[in-house]
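Let me begin by presenting the structure, written as structure tokens, before commenting on it.
Ligands are counted one by one from 1 in listed order, and the atoms in each one are counted from 1 as well.
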Amino acid sequence: MANQVYDAIVIGSGITGGWAAKELTEKGLRTLVLEAGRPIRPEQDYVEHVGVWEVKYRGLGDRKREMREQFVQRECSAMDEWSSKFFVSDQENPYTTDPRKPFLWIRGRQVGGRSIMWGRQSYRWSDLDFEANAREGIAVDWPIRYKDIAPWYDYVEDFIGVTGQAEGLSQLPDGKFLPPMEMTCAEVIVKDAIAKNFPGERMMTIGRAAVLTKPHNGRAPCHYCGPCHRGCSTRSYFSSLNATLPVAQATGKLTIRPYSIVHSLIFDSTTRRISGIRVIDGQTRQPLEFRARIVFLCASALESTRILLNSATPEFPAGLANSSGELGHNLMDHTMGAGASGRIAADEKMMQAGRRPNGIYVPRFRNVKQKHPTFVRGYGYQGSGYRDDWERGTQLVGFGADFKRALKKPGPWLFTFYGFGECLPNPNNYIELNKEKTDAWGIPTLNIHCAFGDNERAMLKDMSLSAAEMLTATGATEIQPFIEDNAPGLTIHEMGTARMGRDPKTSVLNAHNQAHEIPNLFLTDGACMTSSACVNPSLTYMALTARACDYAVGLMKKGEL
Ligand SMILES: Cc1cc2nc3c(=O)[nH]c(=O)nc-3n(C[C@H](O)[C@H](O)[C@H](O)COP(=O)(O)OP(=O)(O)OC[C@H]3O[C@@H](n4cnc5c(N)ncnc54)[C@H](O)[C@@H]3O)c2cc1C
Ligand code: SF4
């Protein structure tokens, strides 16, 4: 096995691994993708059109099995009877936390990773985000600015297809959008009320999502069937399986090896480069080794850092590429789940058509023009205006035929704002290797220490108040503000632990996602993030990955790698 040599090895085939595979193969590199999970065959594994009457537990799921095997994953709202097969077994993939600091680590282990179940919301960062650490003296400065990544956002959006509306906001730069999806009449009412009551401060736009609203790059537009987290047979939303991996495959340069669990990287102290990858075959449990000129770590934020921690050598006793001591530190996840809902006096003759796989978005407005007195950074709201449906049966009082008839009528128009807030980098939020506890393949697991701080909590309070304020301005009734007490991890935007930076003494990666200390090692998933902004992060991971691939291949061509 040791003489299997490739130009490049990519570890992981999720959102970032898929992009690395596409870019590296298109640039002519013979590329091996090592993926821990099983292969996925869309024609049999995608189940978005399977009816509730066709599944054993009628959509309620096998709760006993879930409690036993997926006790963490079942906390994710996208895990259901259909999609549970796309989430990991918590029995096979354990981790530990401080008892008073829960962290819900939601993962997918299969070809495609979490790109199958992701929510597809796709927003650009701005310089408000890239400059924040430097401006406030928090953590370290990002080594890049918006101008460095903007062409790569263009490049990625051109390929994946993002529906959205250009709005000309400095804090949420416009992208290369496909036609926007329509708002419901309740959403139009709320949007107009925000524009009238908060001019120059707040606004509402339709969500920006990696879903096609017209044919794009050989993929069909969305037909609004709804349950995207179960797959998409028409390839209408972006995933590795639907978009990047088929393109990589078509180059003839790609080898995907499923059931290949990367144990650690082999460091050659003479060349000071990665000389090989140690893999455990997930089916036979045989140890294997693979070699390549360059390595892209794309196993997802915490898994990539776990691999580096588990690759310690005498030169790097605290983990590979970790002379800075920063590896594992500054774990972040967005806060989620403060907001408000209410009843909107919209036209009750109007109905929603189809199941739009997207909502609305209220871009960040805190600390954009004016400094907020109780917290730094900001938050945005996702949400929607919708008619309450038959599920309101639990709140309706009634019995017999009249009750059934009442349930068949659509309910009132409701509206919910659901906030997502920035999380500050904090060195006390960190991961470390737990050698006492191993996973099903004998690999040391992670001990995760993470909790939200005062800034995040102050922001959650404001999210709820501001949402209620906007609903009040709309004339909504039955307004219910809420603050959910969600543990970190559940937003599934976990990032940080191998940050980018200008100085090798205080960061792990340089401005091109290359390890400061190991030139042929690139890490482009969420581990690289130096701060978290408040928008969904995957579009930024994709742009950073494409940019790093371009840089790495450039170095190879110049003979510098
Ligand atoms: C329900 C849900 C909704 C989400 N909604 C959004 C959203 O709206 N917008 C957004 O921006 N983000 C969203 N996310 C987050 C998004 O899915 C992740 O940010 C993104 O998938 C990260 O990409 P990745 O390549 O780093 O990791 P993943 O997509 O998780 O892929 C990692 C891959 O690496 C493999 N791997 C792990 N360890 C090893 C190993 N040791 N050896 C070999 N392979 C390994 C895994 O099996 C997996 O296939 C959502 C996620 C979920 C689950
Ligand atoms: S709603 Fe659209 S994107 Fe989602 S699964 Fe259906 S067709 Fe695909």
Side-chain angles (χ1 to χ4, degrees), residues 9-20 33-38 40 46 48-49 73 76-79 83 86-88 93 106-123 163 181 207-213 219-240 242 257-264 277-280 282 297-304 306-307 310 333-334 354-359 382 420 439 441 443 490-495 523-528 535-542 545:
I9 288 180
V10 176
I11 301 173
S13 64
I15 289 189
T16 57
W19 262 97
V33 173
L34 294 169
E35 166 52 55
R38 69 185 177 106
I40 295 291
Y46 284 177
E48 80 278 18
H49 294 152
Q73 309 307 308
C76 172
S77 58
M79 199 199 96
S83 65
F86 298 133
F87 291 82
V88 295
N93 298 281
I106 310 296
R107 286 175 281 175
R109 266 204 171 193
Q110 60 261 322
V111 174
R114 287 177 293 184
S115 73
I116 301 174
M117 314 88 92
W118 77 308
R120 309 157 308 279
Q121 291 292 300
S122 300
Y123 301 94
T163 167
M181 292 185 175
R208 297 175 178 177
V211 178
L212 305 183
T213 46
R219 291 159 47 213
C222 169
H223 53 271
Y224 284 38
C225 67
C228 310
H229 54 288
R230 300 174 193 159
C232 180
S233 311
T234 50
R235 302 199 295 143
S236 306
Y237 72 77
F238 169 78
S239 70
S240 306
N242 292 348
R257 194 177 194 287
Y259 301 116
S260 301
I261 301 154
V262 171
H263 172 280
S264 50
I277 315 278
R278 289 188 200 97
V279 167
I280 297 173
L297 250 183
C298 299
S300 79
L302 303 192
E303 291 287 12
S304 287
R306 179 180 168 205
I307 291 169
N310 199 34
D333 184 30
H334 292 140
R355 296 180 190 148
R356 185 189 64 194
N358 191 13
Q382 297 178 26
F420 289 75
D439 67 12
W441 298 273
I443 303 174
L490 192 61
T491 313
I492 327 179
H493 296 165
E494 78 282 1
M495 62 181 108
L523 189 166
T524 67
D525 58 38
C528 75
V535 296
N536 307 58
S538 305
L539 183 74
T540 300
Y541 303 166
M542 294 189 233
T545 303

What's the spacing between [X] [atom1] and [Y] [atom2] if we round to 0.5 Å?
X: Leu490; Y: His334; atom1: CG; atom2: NE2; answer: 14.0 Å
X: Phe86; Y: Arg38; atom1: CZ; atom2: CZ; answer: 6.5 Å
X: His263; Y: Asn310; atom1: NE2; atom2: CG; answer: 5.0 Å
X: Thr491; Y: Asp333; atom1: OG1; atom2: CG; answer: 4.0 Å
X: Ile307; Y: Ile11; atom1: CD1; atom2: CD1; answer: 5.0 Å
X: Ser239; Y: Arg114; atom1: OG; atom2: CZ; answer: 14.0 Å

How close does the nearest protein non-hydrogen atom get to [atom], and which residue and atom is it?
atom: atom 24 (P) of ligand 1; answer: Thr16 OG1, 3.6 Å
atom: atom 40 (C) of ligand 1; answer: Val262 N, 3.7 Å
atom: atom 12 (N) of ligand 1; answer: Ser538 OG, 2.9 Å
atom: atom 15 (C) of ligand 1; answer: Ile492 O, 3.2 Å
atom: atom 13 (C) of ligand 1; answer: His493 NE2, 3.8 Å
atom: atom 5 (N) of ligand 1; answer: Gly119 N, 2.7 Å
atom: atom 31 (O) of ligand 1; answer: Gly14 CA, 3.3 Å
atom: atom 23 (O) of ligand 1; answer: Ile15 CB, 3.5 Å

The residue among Thr524, Val33, Thr16 that forms side-chain contact (heavy atoms from CB on, under 4.5 Å) with Val10 is Val33

Inset, instruction - Name the orientation class of the two ring planes belonging to Trp118 and Phe238 (parallel below 30°, tilted from 30 to 60°, perpendicular beyond 60°). - result: perpendicular

Going by distance only, is there an N or O of [X] that falls short of 3.5 Å from an N or O of ligand 1?
X: Tyr541; result: no
X: Glu35; result: yes
X: Ile307; result: no
X: Leu539; result: no

Contact between [X] and [Y] at the side-chain level, heavy atoms closer than 4.5 Å - yes or no?
X: Cys232; Y: Thr234; value: yes
X: Leu539; Y: Tyr123; value: no
X: Ser240; Y: Ser13; value: no
X: Tyr237; Y: Pro357; value: no
X: Asp439; Y: Arg306; value: yes
X: Val211; Y: Asn358; value: no
X: Ser83; Y: Arg230; value: yes

Fill in: Sidechain-backbone polar pair: Arg208 side chain, Ser122 backbone, donor-acceptor under 3.5 Å
no

Going by heavy-atom distance to [atom], choose the closest among [options].
atom: atom 48 (C) of ligand 1; options: Gly18, Ser115, Gly108, Gly37; value: Gly108
atom: atom 2 (C) of ligand 1; options: Gln382, Arg208, Gln110, Met117; value: Met117
atom: atom 45 (C) of ligand 1; options: Ser260, Cys528, Ala36; value: Ala36
atom: atom 32 (C) of ligand 1; options: Ala299, Ala209, Gly113; value: Ala299
atom: atom 28 (P) of ligand 1; options: Arg114, Arg120, Met495, His263; value: Arg114

Sub-4.0 Å atoms of ligand 1 with respect to non-hydrogen atoms of [X]:
X: Asn536; value: 7 (C), 8 (O), 9 (N), 10 (C), 11 (O)
X: Gln121; value: 7 (C), 8 (O), 9 (N), 10 (C), 11 (O)
X: Ala78; value: 1 (C)
X: Leu34; value: 43 (C), 44 (N)
X: Glu303; value: 37 (C), 38 (N)
X: Asp525; value: 26 (O)

Only one of Arg120, Gln382, Gln121 passes side chain to side chain donor-acceptor pair (under 3.5 Å) with Asn536, and that residue is Gln382

Those residues with a heavy-atom separation under 4.0 Å from ligand 2 are Val211, Cys222, His223, Tyr224, Cys225, Gly226, Cys228, Gly231, Cys232, Thr234, Ser236, Tyr237, Pro357

